[in-house]
There are 2 protein chains.
Amino acid sequence: MNETSTSSSVSPSAEEYLLTLFRKEVGNEQIGTSKLAELFDVKAPSVTGMLRRLHKRGWVTYKRYRPPELTDLGRSIATKLIRRHRLLETYLVSHLEFDPDEVHDEVEILEHAVSDTLIDRIDEKLGHPAFDPHGEPIPDENGHSPNMNLITLSTVAEESSAVFSRMDNRDLGMKKHLTSLGLQPGTNLTRMSSGQADQLLVKAGERLLKMPEKIAQLIWVWPDTY
Amino acid sequence: MNETSTSSSVSPSAEEYLLTLFRKEVGNEQIGTSKLAELFDVKAPSVTGMLRRLHKRGWVTYKRYRPPELTDLGRSIATKLIRRHRLLETYLVSHLEFDPDEVHDEVEILEHAVSDTLIDRIDEKLGHPAFDPHGEPIPDENGHSPNMNLITLSTVAEESSAVFSRMDNRDLGMKKHLTSLGLQPGTNLTRMSSGQADQLLVKAGERLLKMPEKIAQLIWVWPDTY
DNA sequence: TATTATTATTAGGATATCCTAACTTTTTGG
DNA sequence: CCAAAAAGTTAGGATATCCTAATAATAATA
Ligand SMILES: [Mn+2]
Ligand SMILES: [Mn+2]
Ligand SMILES: [Mn+2]
Ligand SMILES: [Mn+2]
């Protein structure tokens, strides 16, 4: 049923490792025993032991004295965790007055305790956000990260159109503002020519909007390519 | 600093025991090894082992072959946990569309993972509620439960109103029945005069209900006092 | 009250996580 | 290229939780 079925349950500690390895992988970095030990505030032999267990479970490949790598299974677990983490951060910031800078520690623990059901409700409540309060992409239910080949509205050529995809949602005020103007994910936008340099003219459905260049730089769109 | 300082940290399992013992204590019940084992889905020797650890930590008194009792310290820890539990249930129901009947399992895990900060934010967001969605009292930050001068609906004078607070929730069937009639914790009820002795006439919102005296004896309400 | 049934404990192990001390491999830099 | 330094592993324990099998205490009942 579940394409990424876990088969055995993952402990919070194990989840922490997968999450960390995933983040390193995304950043094209590697991480060894002592860095992991420092990060988790444990001693090196504890890391060696955990890596052996993770390897036995099929979540990482591990050869002694070599930096560990995620397996496909491990990566799929990590992707789900990243989704949880980022949705939770987004929720705490937007619905519970957390500061983006203080939210991480709370979530580092919460992420291991919330059910899929709760995550789904939060996701809905948030309107399926694509980015967390730090601007990091939130993978969807299938583990796919939002397409990062998006361009900003400000780089769309005049007389071309594009589909509004997402905004840098670190700015809550802007989100409300744009929504009130009728700009939502999916809205088709056409950039019209405007005489001014620091101002765009954007057609959104019926509406014709004047938009400051600065705002347009924060709006990510799917260019109409063909 | 912390008047009920824990000194050592409490594991989720230990918390579960304290919570359970607290609930039994409130209900003037005792609970022994095998009931606890059944409740936690472990075998009896695991319970004995845990009770010895809890005793060593000073959270319960335990003499072999005798039912365990909370110490003052254990009770103060449990009270905080009850507060968390009930605030979380209240929040999930009122802000995340959880059904009162499905919320408990989620919270049973969450309660061990949320920080005091998050609990405070939730409490604020909810406006410092005194009762959870099941009508159970929520202790305040100091562990004091709201005054429960509840009376049964059957003792409410005719032509007086009261707020539905809780029902004897050992009877699941009745709960469903009342819910289907629109009676939930928080519902304002007015007892109308009815000619009959063993039957009440109750106005709940728009509805006018006939209710057997026996049922009314199981419904606890907050009388409209002024 | 004597016997039986129920309930609870002890003994002896397993697994997960973490530790210190001692040892090995890899990396570095002269 | 070879000896330190750095990084990583193994050996041997500790604690928390949980298990099965055997044993003991308490409660129920004839
Ligand atoms: Mn984070
Ligand atoms: Mn975490
Ligand atoms: Mn509950
Ligand atoms: Mn719990």
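Proteins come first, then strands; the chains are lettered A, B, ... in the order of their sequence lines, and each starts at number 1.
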What's touching nucleotides 10-16 of chain D from the protein side, N or O pairs under 3.5 Å?
none

Problem - Cation-pi check, B:Arg86 onto B:Phe131 ring (under 6.0 Å, within 45° of axis) - result: no
Exercise for the section: Check whether NZ of the Lys or CZ of the Arg A:Arg52 lies under 6.0 Å from the centre of the six-membered ring of A:Tyr62 and within 45 degrees of that ring's axis. Expected result: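 A:Arg52 over A:Tyr62 ring: no.
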Taking the basic N atoms (NZ, or NE/NH1/NH2) and the acidic carboxylate oxygens, is any pair closer than 4.0 Å for [X] and [Y]?
X        : Y        : value
B:Glu97  : A:Lys125 : yes
B:Lys214 : B:Asp198 : no
B:Asp123 : B:Arg83  : yes

Exercise for the section: Under the salt bridge (charged side-chain N to carboxylate O under 4.0 Å, His left out) rule, collect the residues that match up with B:Glu108, sequence neighbours excluded. Expected result: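 With sequence neighbours excluded, B:Glu108 shows a salt bridge (charged side-chain N to carboxylate O under 4.0 Å, His left out) to no residue whatsoever.
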Exercise for the section: Apply side-chain contact (heavy atoms from CB on, under 4.5 Å) to B:Thr152 and list each qualifying residue two or more places apart in sequence or on a separate chain. Expected result: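 Result, side-chain contact (heavy atoms from CB on, under 4.5 Å) vs B:Thr152: B:Ser154, B:Thr155, B:Trp220.
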Practice task
Compare the minimum distances between each of D:dC18, D:dT26, C:dC18 and the side chain of B:Ser46, then state the nucleotide with the smallest one.
Solution key: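 Among the listed nucleotides, the one closest to the side chain of B:Ser46 is D:dC18.
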Practice task
Could you tell me the separation between the NZ atom of B:Lys43 and the P atom of D:dT20, rounded to a whole number of Å?
Solution key: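 The distance from NZ of B:Lys43 to P of D:dT20 comes to 5 Å, rounded to the nearest Å.
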Practice task
Can you tell me the distance, in whole Å, between the NZ atom of A:Lys63 and the P atom of C:dT25?
Solution key: 16 Å
Practice task
Any chance you could encode DNA chain D as dot-bracket? Rule is Watson-Crick or G-U wobble with both distances under 3.5 Å; [ ] for pairs crossing earlier ones, | for another strand.
Solution key: ||||||||||||||||||||||||||||||
Exercise for the section: Would you tell me whether A:His104 and A:His134 have side-chain atoms, one donor and one acceptor, within less than 3.5 Å of each other? Expected result: no
Problem - Positions of residues 13-40 of chain B (non-hydrogen atom under 4.0 Å from DNA chain C), listed by number - result: B:Gly32, B:Thr33, B:Ser34
Handout entry: Shortest non-hydrogen contact from B:Ala14 toward B:Met50
Key =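 Taking every non-hydrogen atom into account, N-CE, 3.8 Å.
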Exercise answer: donor-acceptor pairs, residues 15-34 of chain A side-chain atoms, under 3.5 Å, sequence neighbours excluded:
residue : atom : partner  : partner atom : Å
A:Glu15 : OE1  : A:His112 : ND1          : 2.4
A:Glu16 : OE1  : A:His112 : NE2          : 2.9
A:Thr20 : OG1  : A:Glu16  : O            : 2.9
A:Glu25 : OE1  : A:Arg75  : NE           : 3.4
A:Glu25 : OE1  : A:Arg75  : NH2          : 3.3
A:Glu25 : OE2  : A:Arg75  : NE           : 2.6
A:Gln30 : NE2  : A:Glu69  : OE2          : 3.2

